[in-house]
Visitor: 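Mind having a look at this structure? Questions to follow.
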Amino acid sequence: MHILLAPLNDRQRKAVQQTNGPLLILAGAGSGKTKTLIHRIAYIIATEDVKPWNILAVTFTNKAAGEIKDRLQKLLKGKVKKLPVVGTFHSICVQILRREIEILGYDTNYVIYDASDSDSLIKKCMKDLGYDTKVIAPKIIKYMISSAKNDLKDVSAYEAEASETIEKTAAHVYSKYQGELQRNNALDFDDLIQLTVKLFQEHPEVLKKYQAAFKYILVDEYQDTNHAQYTLVHQLADKHHNICVVGDDFQSIYSWRGANLQNILDFEDDYPDAVVVLLEQNYRSTKRILEAANEVIKYNTSQKEKVLWTDNDRGHKIVVKEVENEQLEGEFIIREIFDFSDNNEPKDNDDISYTPIQIAEADESILDKIMKSQTFKDYKVDLALEEVIKRQKRDINLAEYVILYRTNAQSRALEETFMKYNIPYRLIGGIKFYERKEIKDFIAYMKVVANPADWVSLERIYNIPARSLGRNSWLKIEQACRDNEATFVELSETKLPPLREKQRLAFLNFQKTMQEIIAAAPEKTPSDLLTMIADKTGYTDQFSPKLSEDQRRIENIEELKSVTKKFDHLPGQAGINSFLEEVALISDQDDVDESTNAVTMMTVHAAKGLEFNNVFVAGMEEGLFPHARSLFQPLEMEEERRLCYVALTRARERAYLIYANQRTVFGTTKIVSASRFIADIPEKLVEKM
């Protein structure tokens, strides 16, 4: 037996040894799909006449791509000098477009707009076209444009199909938006894939080059692919047909962002000679957890037949807990984490009861101020529980616990309770490092340095720090640039529009500063460039180290320098582009650090692919989980059921399902009932508390 096959089970070996032709690996949760994928790549290198760089492995998060690279490196033990090409759909397309995009009319130094950049540009386009953004929500228009791009519909195709008034409005904005993107030499996330597909469709000679380069293609999480991603994969695989897709139809939970479950269900129709391998042995969860998950998912009809099983212990029953409201939901979770029971309470408990929370006056954060507000003035602490927490806090690994919920709005009550008891937690999907104002400001500066035509980034920084450039003055300058077909650094003083002297000098000083930075950039590392931006623009001069909030902003900027240092080995523009690409393509899961000693809070959607010893699923109520909009939509209900399956299978040892009798969401208190998914689990698997 080949050494690479020894650590695998029979099904995994079959998948690894099927090196040529189409292969569908249906891998259940916790069944070792990443291990199988990595061993298959290594096995192809070891047994087939193929170079590592002729293998392409595509996944959905930077974290997953990094894990594959690291584990491949260890498995191959330095036997190859260059690893296969591994990355997300977006990062792979970025690499292709950096080399080829000029043929589509863009410059290779294009910038990538993140979600907030796209939001800003769509709002601007709507206003320019005379639409009232208070009447027509820009988010709706953005969603419609994004869906069109994911379906590979360009402006003309979308305009031709638009029939409803809102569709015609979206088509109008789409045309303006796409024109502005190209004028700014910028791409949004959806463009990265759509334009790569367009490149291959319109220029077959370019497609042939990449088909020759990638003789073997492996796609992870195939159930999450949208139409554009599906098309891209099949374009690349069309020559050699050595395509391996790995996924689990039971975990298809992203239809709201364009994922098409039929892509994995129809793989055998796309490739009639495909081999199908089912990975059903689970190495993560206990028997009871898997049995419960199987019971929840079995009611779905649009899926491949498979049943997860395990040799693991029988394990604990699924805990089902009914609480009065969302505040007590958080307290129950804390009591379970810290093993709080009547036996833990101090003997003189009658004299302790509750006391109002105390907040320090000095160095108040925003959260401190919220906690002192009217909303929280009567918020009480159970001192008996607080005492238990103090005793146990050092000995408990909080990273082993995760709280999952259906919607982000649910985190508010949970956070309040955790703050009340001073328990560390990490919120995934909240305000992230790269969404903080000072970080977005510096990234905007670096985008402008990389691409002076990026007007969206300029809109953010032209008066930051304050330099007496008001909105009206800037709009006049923008129009002058358009009229003269010049970027803001190219616009001559004689072509400036009529401005007051103060504003005219302010712009000329800003222009000179940016000209100097842009001229120096090719010789600078990314970290040196960031330092130069801070010094030349005087950005950090606006902060006082004596103010705690300003000090945090300064520390965040220093942390950004640490990030840029990762790219200092790349020369000039290449380093800047690589840094900006990583920032633009980061996802929620890339923020998850499972080594941090804090309880993790996140949506079930964000948790897919992760695992924890103990999982609390909060808000298991009809209308919340399953979501209200799915109650009369069979296909959406099936996705909700898959979402519950995902939640349960994140747990290694213990799973808790918690529901409230009443819940206040968005200011409205409602009487609620337990989720139907709880009733789907046989009583023999359940422990009610």
Visitor: Going by the rule side-chain contact (heavy atoms from CB on, under 4.5 Å), which residues pair with Ala237 if we only count those two or more places apart in sequence or in a different chain?
Guide: Ile217, Ile243, Tyr271
Visitor: Indicate yes or no for a side-chain donor-acceptor contact from Ser175 to the backbone of His172 under 3.5 Å, with no hydrogens or angles considered.
Guide: no
Visitor: Less than 4.0 Å between a side-chain N and a carboxylate O, is that true for Glu180 and Arg183?
Guide: yes
Visitor: Evaluate the side-chain proximity of Cys481 to Glu478: yes if any heavy-atom separation is below 4.5 Å, no if none is.
Guide: no
Visitor: Sequence neighbours excluded, which residues qualify as side-chain contact (heavy atoms from CB on, under 4.5 Å) partners of Ala137?
Guide: Ile140
Visitor: Does the plane of the ring in Tyr210 sit parallel, tilted or perpendicular to the ring in Phe200? Use 30° and 60° as the thresholds.
Guide: tilted
Visitor: Using every non-hydrogen atom in the two residues, find where Tyr230 and Thr225 come nearest and quote the distance to one decimal.
Guide: N-CB, 4.4 Å
Visitor: Among pairs that include at least one residue of residues 221-240, which meet salt bridge (charged side-chain N to carboxylate O under 4.0 Å, His left out), considering only residues two or more places apart or in two chains?
Guide: Lys33-Glu221, Glu221-Lys608, Asp224-Lys608
Visitor: Restricting to ring pair (Phe, Tyr, Trp, His ring centres under 6.0 Å), what partner residues turn up for Tyr216, sequence neighbours left out?
Guide: none
Visitor: Between Asp114, Asp441, Asp117, which is the residue that forms a salt bridge (Lys or Arg N to Asp or Glu O under 4.0 Å) with Arg460?
Guide: Asp441
Visitor: Among all residues two or more places apart in sequence or in another chain, which pass the ring pair (Phe, Tyr, Trp, His ring centres under 6.0 Å) test with His227?
Guide: none
Visitor: Find out whether the Lys NZ or Arg CZ of Arg257 is both under 6.0 angstrom from the six-membered ring centre of Tyr254 and within 45° of the ring's axis.
Guide: yes
Visitor: Can you give each donor-acceptor pair under 3.5 Å made by side-chain atoms of residues 565-572, sequence neighbours left out, with the distance rounded to 0.1 Å?
Guide:
unit_1 : atom_1 : unit_2 : atom_2 : d
Lys566 : NZ     : Glu582 : OE2    : 2.7
Asp568 : OD1    : Thr525 : OG1    : 3.4
Asp568 : OD1    : Ser527 : N      : 3.1
Asp568 : OD1    : Ser527 : OG     : 3.1
Asp568 : OD2    : Ser527 : OG     : 2.5
His569 : ND1    : Lys566 : O      : 3.2

